Novice: 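Sharing a structure below in structure tokens format, with a few things to ask.
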Amino acid sequence: MGVIFVNGWTDAPNAIATAVSTRVLRPNVAIGMAVVMNFLGALVMTLFNAQVAETISNIVSFDGTGNTSQIALAAALFGIVSWAVAAWWFGIPTSESHALIAGLTGAAMALGGLDAVNMDEWWKVLIGLVVSTILGLGGGYLITKLVIFLFRGVNRIFANKLFTVGQALGATAMAFLHGAQDGQKFMGVFMLTLYYNGLVEKTGNGFAIPIWVMVLCSVTMGIGTSVGGMRIIKSVGMDMVKLEKYQGFSADLGAAITLFLSSIFGVPVSTTHTKTTAIMGAGAAKRASSVDWRIVRDMVWAWVLTFPGCGLIAYLMSKLFMVIF
């Protein structure tokens, strides 16, 4: 639940960053909307299609002797929370999805070596990394170019009113799809904790997720989002690119389409990665110099370091926890 809370606290603000930065929504209104839509996204998508949760629950194996499974899994979650809080403190929108996958993998390897990693499922993560980058960046760029072309002769005041409504709807869709993607990932981990404590059984390749788990995880993520996250909103929506309303709308639409398709096909992608690349694309469509590439560089480094960094922390934590407990 701590990991789910931190995800809502540090990751969910990405979904509403553009709407806040363009002043379409006030921060408190945007956060309140995100709380509700994160909850609904996690609940509704899991009821209809739980493939993302299934992928996460099968990506590694924590099978061990005695209570080592529970210890390694607990160490993984501890490492993920530590990494996420550190990233939030420095205002870096690191991916909680990547941290989750890296943490689980590092801890599982501390328990069972490379044999603990299910590469058939891990490939989906690598595919998601490439897909979210291409579709997020490309979608933000192409939709912005299309909007510029279609609205070149439209009165600017009328267009701004139109994109104000469009961006509010886009932010709502982004918050819903953040819940759909990340809510499922963390439900998959929640089910692992129940499984390794002997409280549930696997059904085929995954779990039958009880409604109480869906509600508990959704509410916890919503509470985390309500804490705020203005550091992340500032880095993503204000510092990296100064967006106009039509660019914010384009970025939200491009990211939302990417997340929707990924959720439908059960590919776990990073909402942070998808949204920030869409913002880069929307900014670059106007002119490349409008993007602060120094901030982009720092974000990319954070993404690159998340896999080895969080994985190593979880690995070492697992070894330490197994000695202590």
Side-chain angles (χ1 to χ4, degrees), residues 7-45 52 93 95-97 128 131-133 135-141 143-144 147 163-186 218 221-222 224-226 228-230 232-238 240-241 243-264 267-283 299:
N7 176 266
W9 174 29
T10 64
D11 211 22
N14 290 294
I16 55 175
T18 47
V20 173
S21 69
T22 57
R23 294 180 172 80
V24 166
L25 296 174
R26 294 193 305 275
N28 289 342
V29 173
I31 289 169
M33 177 274 292
V35 169
V36 174
M37 298 312 295
N38 268 311
F39 170 80
L40 292 176
L43 187 63
V44 172
M45 189 60 78
V52 172
S95 168
E96 300 303 313
S97 303
V131 167
S132 63
T133 302
L135 292 185
L137 186 67
Y141 182 89
I143 292 172
T144 302
V147 165
F163 288 120
T164 296
V165 175
Q167 195 177 356
L169 293 174
T172 303
M174 273 298 302
F176 179 89
L177 289 164
H178 173 270
Q181 263 284 333
D182 283 26
Q184 277 202 50
K185 293 187 190 90
F186 292 95
S218 302
M221 180 177 287
T225 304
S226 69
M230 282 304 296
I232 304 298
I233 290 173
K234 186 175 184 297
S235 291
V236 173
M238 299 178 183
M240 185 172 67
V241 188
L243 295 174
E244 296 187 45
K245 289 182 173 64
Y246 75 91
Q247 292 171 293
F249 165 78
S250 301
D252 283 344
L253 183 58
I257 291 171
T258 302
L259 291 177
F260 178 74
L261 292 174
S262 300
S263 298
I264 291 297
V267 178
V269 300
S270 164
T271 52
T272 303
H273 200 119
T274 304
K275 182 61 179 285
T276 48
T277 52
I279 291 173
M280 292 175 202
M299 288 182 183

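Quantities reported herein were computed from a predicted structural model and do not represent experimental measurements.
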Novice: Looking at residues at least two apart in the chain, or sitting in another chain, which of them share a side chain to side chain contact (heavy atoms under 4.5 Å, CB included) with Ala171?
Specialist: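 Testing Ala171 for side chain to side chain contact (heavy atoms under 4.5 Å, CB included), a comparison that skips the adjacent residues, returns Ala19, Leu25, Met33, Asp252.
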Novice: Give the minimum heavy-atom separation between Ala34 and Ala175, together with the two atoms involved.
Specialist: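 Looking at all heavy atoms of both residues, the closest pair is CA-CB, 3.9 Å.
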Novice: List the atom of Ser132, the atom of Val269, and the distance in Å for their closest heavy-atom pair.
Specialist: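 That closest heavy-atom pairing would be CB-CB, 4.1 Å.
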Novice: Between CG of Leu43 and CG of Asn38, what distance do you get to the nearest 0.5 Å?
Specialist: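 It comes to 12.0 Å.
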Novice: To check you understand the geometry: which heavy-atom pair defines the closest contact between Val20 and Ala30, and what is its length?
Specialist: CG2-CB, 3.7 Å
Novice: Could you go step by step and tell me if Leu243 and Ile279 meet the side-chain contact (heavy atoms from CB on, under 4.5 Å) rule?
Specialist: CA-CA 8 Å; Leu243 295 174; Ile279 291 173; 4.0 Å; yes
Novice: Taking the side chain from Lys245 and the backbone from Val165, do they hold a donor-acceptor pair closer than 3.5 Å?
Specialist: no
Novice: Of all residues at least two apart in sequence or in a different chain, which pass the side chain to side chain contact (heavy atoms under 4.5 Å, CB included) check with Ala255?
Specialist: Met174, Thr274, Lys275, Ala278
Novice: Between Glu244 (side chain only) and Thr22 (backbone N and O only), is there a donor and an acceptor less than 3.5 Å apart?
Specialist: no
Novice: Any chance you could measure Leu135, atom CG, to Leu261, atom CG, to the nearest 0.5 Å?
Specialist: 7.5 Å
Novice: Report the distance from atom CG of Leu259 to atom OG of Ser270, rounding to the nearest 0.5 Å.
Specialist: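 Nearest 0.5 Å value for the CG-OG distance: 8.5 Å.
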Novice: Between Lys185 and Pro268, which heavy-atom pair has the shortest distance, and what is it?
Specialist: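 Lys185 and Pro268 have their closest heavy atoms at CE-CB, 3.9 Å.
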Novice: Nearest heavy-atom pair of Gly179 and Met221: which atoms, and what distance?
Specialist: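 Taking Gly179 first and Met221 second, the nearest heavy atoms are CA-SD, 4.3 Å.
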Novice: Rounded to the nearest 0.5 Å, what's the gap from CE on Met37 to OG1 on Thr172? Could you check?
Specialist: 6.0 Å
Novice: Return the minimal non-hydrogen interatomic distance between Ser218 and Phe39, and the atom names on each side.
Specialist: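 Closest approach of Ser218 to Phe39, heavy atoms only: CB-CD1, 3.2 Å.
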Novice: Look up atom CZ in Phe163 and atom CZ in Phe249, then write down how far apart they are to the nearest 0.5 Å.
Specialist: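 Those atoms lie 6.0 Å apart.
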Novice: Given Phe176 and Val44, is the side-chain contact (heavy atoms from CB on, under 4.5 Å) satisfied, shown in steps?
Specialist: CA-CA 9 Å; Phe176 179 89; Val44 172; 4.1 Å; yes
Novice: Looking at CZ of Phe186 and CD of Gln181, how far apart are the two atoms once the value is rounded to the nearest 0.5 Å?
Specialist: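 Reported to 0.5 Å precision, the distance equals 11.0 Å.
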